[in-house]
Amino acid sequence: MNARVAVQEQPRFDEISEWVEAFDQVLAAEGEDRAAKLVAAVCQRATQAGVHMPARLNTPYVNTIPVAEETRHPGDLSMERRINALVRWNAMAMVHCQNKKDPGIGGHISTYSSAVTLFEVGFNHFFRARYGDQPGDFVYFQGHASPGVYARAFLEGRLNEEHLQNFRHELRGSPGLSSYPHPWLMPSFWQFPTVSMGLAPIHAIYQARFMRYLESRNLIVKTPRKVWAFVGDGETDEPESMGSLTLASRERLDNLIFVVNCNLQRLDGPVRGNGNIIDELEAAFHGAGWNVLKVIWGCEWDALIARDKSGLLVKRMGEVVDGERQSFAIKGGAYIRKAFFGKYPELLKLVADISDDELARLRLGGHDPQKVYNAYRRAVDHRGSPTVILARTVKGFGVGSAEARNATHQEKKLTDKDLASFRVRFDIPIPEQAAHDGTPFRPLDGSPELTYLKERRHQLGGYLPSREPREFELETPLLEDFAEWLAGSKDRGVSTTMGFVSILRHLLKDPKIGKFIVPIIPDEARTFGMEPIIRQVGIYASQGQQYEPYDKGMLLYYREEKDGQMLEEGITEAGSMGSFMAAGTAYANYHVPMIPFFSFYSMFGFQRVGDLIWAFADARGKGFLLGATAGRTTLTGEGLQHQDGQSLVLATTVPTCASYDPAFVYEVAVIVQDGLRRMYQEKEDLFFYITLYNENYGMPQMPNGCREGILHGIYKYRAATGGKAAVQLFGSGPILNEALHAQEILAEQYGVQADVWSLTSYTQLRREALATERWNRLHPSEPEKRPYVLTALDGAEGPIVAATDYMKIVPDQLAPWLGGRLLSLGTDGFGRSDNREFLRRHFEVDASSIAAAAVSQLARDEKFDVGRAQKALDELGVNNETVDPAVA
Ligand SMILES: Cc1ncc(C[n+]2csc(CCOP(=O)(O)OP(=O)(O)O)c2C)c(N)n1
Ligand SMILES: [Mg+2]
């Protein structure tokens with residue numbers, strides 16, 4: 001037979017049945033391997049014959065694990081059903097009750113209702129709280145399912161009724177529960193912030209990878225610990241959810257399990273009304289090299305599928321779009337019979353002896369503990385790649401009138417009828433009125449339910465989620481250890497980036513903290529001069545270096561090692577943040593005080609991955625972010641998309657981020673030394689952002705007595721030499737050099753004396769001033785305290801010209817305390833491709849512009865002749881008619 005003709009003709013069903021039957025016979029008689037080979041041979045033959053065989057990444061719309069391969073769920077199913085009901089009641093009751101007494105406070109009922117079995121099977125059988133003295137599995141819970149996690153902790157006795165009554169009431173003087181998983185707000189409970197969609201998936205991938213890194217470097221012992229990530233199907237729309245899938249398979253992360261809760265709905269409506277999200281995800285994950293387990297149908301469907309020899313039922317399952325599936329979940333048995341089975345007469349026959357009620361009760365896979373258990377078992381036992389479980393569920397399952405409706409996500413309160421019927425259906429032993437009020441219910445201690453639940457958790461090593469940072473002792477280096485960088489470069493041109501890299505190399509050798517340091521880089525090591533670090537500590541490569549690098553003979557060859565220390569992430573700032581997160585919270589999660597240093601192109605930091613940085617703060621992460629090639633005028637030639645004038649503005653919005661803009665290498669050394677001390681010796685929950693520039697200049701020796709000023713954010717770097725200063729010049733980063741040059745111009749050409757100050761951190765000064773001001777406000781009867789910045793400026797007179805390579809709003813942070821004296825010069829507006837000289841002139845932050853601003857202001861203050869000031873602008877080449885760079 002000609003193969004082309006055969007595929008062009010419409011195949012008949014009886015013909016298909018014959019082929020399927022033949023296949024079944026081979027499978028039964030000769031086994032899986034043989035059957036697979038046979039199919040592969042037919043496919044190959046088809047390709048050779050010129051038949052177009054599209055890559056097949058999808059399997060039929062049925063469970064991946066055949067019934068014959070299932071093992072029996074080992075638990076007491078009816079007891080677990082009972083516990084499910086109790087957890088669900090309390091989750092619903094908590095949200096309902098809270099919204100009844102405080103309308104608008106919010107909360108979610110429907111997400112957890114769909115996820116309940118997915119979570120509960122995990123809690124009863126899989127999530128280990130510890131492995132020996134090692135921390136246990138890491139579970140990223142879907143953020144909007146938090147009510148279910150609280151409700152279970154309530155049954156476990158970890159939370160009490162007062163907690164539940166204070167869900168989303170955290171400011172009432174009694175213990176409250178935060179809306180979502182926030183380690184910042186509930187530091188002994190939540191480990192992982194997940195509610196900003198897309199972050200849990202990427203964090204889980206990099207967490208699993210970092211676990212391997214710690215094992216490979218012998219910093220933790222190997223355990224069978226897993227990372228579980230519960231993800232919404234709508235959540236997979238986020239690029240962060242899907243963007244790093246191939247890293248997980250490339251790294252063979254079989255310690256990673258995604259469970260995608262496929263309730264086919266997101267907030268507004270269906271995830272893929274006109275398509276099929278499970279098929280779409282199956283193809284994407286398969287293509288990315290994951291082990292995919294579909295859990296679509298519950299046990300009740302097994303018999304039906306087995307009875308159907310035509311293959312029509314499975315065909316029908318696959319041809320329905322998700323929008324229709326939603327209708328099946330809502331419209332009941334008669335509708336399912338007509339709309340689903342009614343498409344083919346054979347299928348109607350198949351369900352002729354099944355009532356409408358029974359049809360409506362055919363469970364979906366994600367609500368069937370037997371199916372979920374088997375998928376989890378497979379996932380846990382699987383080796384060689386990460387696993388994703390695509391579990392079909394119904395959103396708002398069992399919550400009555402809201403079930404599977406488009407608006408269910410937003411439902412906060414249930415009708416009295418819904419509550420009453422839930423109480424009856426799930427046998428919650430409370431009076432009807434108490435049900436209407438959403439009263440929590442916990443059986444007595446010693447009851448069979450609590451005994452079972454606690455015993456299961458006991459077997460699995462305790463309760464989770466639980467965040468348990470242990471005390472660790474780390475002796476961080478003293479400032480004396482940084483003597484080399486405090487001594488200056490003896491006129492050799494050096495950049496702060498180069499200075500930082502050599503500090504980092506030194507720290508990597510530190511006998512006490514060296515091994516804990518994790519240099520992270522998104523494909524910019526060469527840009528920042530970090531090649532020596534590649535050579536020094538090697539790049540972590542889980543498979544080692546399987547090739548002879550062509551540059552092996554060279555000093556700085558590309559060195560990859562199984563126990564390499566550096567994480568070279570490739571071009572992904574988001575992925576690098578995933579590693580930064582895993583490393584910066586390792587002190588709490590693994591009890592190993594890792595110290596990440598993540599260096600990136602400053603422009604591609606806060607504005608690119610700001611939400612991941614925010615989550616890092618929520619997670620109480622520690623470490624250093626280094627914004628290299630910083631500044632809008634210091635990075636030359638690169639133009640608008642590269643030149644960063646705003647990251648310091650964005651950094652100031654993160655409460656636990658201490659940001660610094662140092663000019664000199666000794667300042668970098670002081671900040672890094674103190675940062676290590678504060679985070680790892682004093683155990684403060686904060687992290688650092690330091691800008692690093694690529695302009696080379698002679699680095700001065702650290703002047704005496706400026707350490708405190710550097711850390712607070714201001715110190716006088718060079719006083720006027722010709723008498724008392726009439727004007728104060730503030731400079732940060734390399735623009736400090738422009739201020740120093742302006743100081744000379746002012747003195748030499750205009751007889752104006754100026755002091756020059758190094759402003760290492762406007763943000764830290766502002767925070768301290770705000771705190772001092774608040775204290776004064778709250779203590780009107782006590783003597784007023786002065787903010788540090790005012791104390792530092794004591795006796796300094798005249799206008800203040802602050803110049804920065806960042807936006808003017810950075811120095812303007814101090815305006816409230818400087819009484820109208822502050823005049824900020826900064827780089828507002830889009831960057832340009834040019835060199836430093838032209839860029840600084842354009843943005844009016846060069847020495848001439850600073851000097852011109854000083855005389856101009858002095859003239860306004862009537863301390864300098866007005867006509868002379870105008871002339872000075874001309875002399876200094878400042879064009880007063882040029883277009884404002886802020887809008888250019
Ligand atoms: C980054 C981000 N964007 C938007 C939201 C608002 N939001 C909360 S839940 C939700 C829908 C979630 O749908 P899905 O992931 O399918 O979860 P389900 O509740 O259906 O289980 C949205 C859009 C968010 N939390 N995070
Ligand atoms: Mg959903």
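All ligand and atom numbering here is 1-based and tracks the order in the structure.
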Residue pair His169 / Gln98, side-chain donor-acceptor N/O under 3.5 Å: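 On atom types as modelled, these side chains qualify, holding a pair under 3.5 Å.
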Any side-chain donor near an acceptor of the partner, Tyr206 and Glu569, under 3.5 Å: no
Contact (N/O only, under 3.5 Å) between Gly234 and ligand 1: yes
Contact (N/O only, under 3.5 Å) between Asp233 and ligand 1: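 There is such a contact, yes.
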Rounded distance [0.5 Å steps], CG in Leu453 versus CG in Leu86: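 With rounding to 0.5 Å, CG (Leu453) is 9.0 Å from CG (Leu86).
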State plainly whether the residues [X] and [Y] are in salt-bridge range, i.e. N to O under 4.0 Å.
X	Y	value
Asp102	Lys412	no
Lys371	Asp302	yes
Lys343	Glu319	yes

Contact atoms of ligand 1, heavy-atom distance to Asn261 under 4.0 Å: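 Near Asn261, the atoms of ligand 1 are 21 (O).
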Per-atom contacts, ligand 1 versus Gln142 - under 4.0 Å to a heavy atom: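 Atoms satisfying the 4.0 Å criterion: 17 (O), 18 (P), 21 (O).
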Heavy-atom closest contact (Val654 atom, Ala617 atom, distance): CG1-CB, 3.6 Å
Protein non-hydrogen atom found under 4.0 Å from atom 24 (C) of ligand 1: yes
N/O/S from Asn263 sitting under 2.8 Å away from the Mg ion (ligand 2):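 So Asn263 counts as coordinating the Mg ion (ligand 2), yes.
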Glu238 near ligand 1 by a heavy-atom separation under 4.0 Å: yes
Any Gly198 heavy atom less than 4.0 Å from ligand 1: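 Not so, Gly198 does not reach ligand 1.
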Atom name, Asp233 (N, O or S, nearest to the Mg ion (ligand 2)):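 Nearest to the Mg ion (ligand 2) within Asp233's N, O and S set: OD1.
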Proximity of Thr236 to ligand 1 by residue part, where a heavy atom lies under 4.0 Å: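 For Thr236, no heavy atom sits under 4.0 Å from ligand 1.
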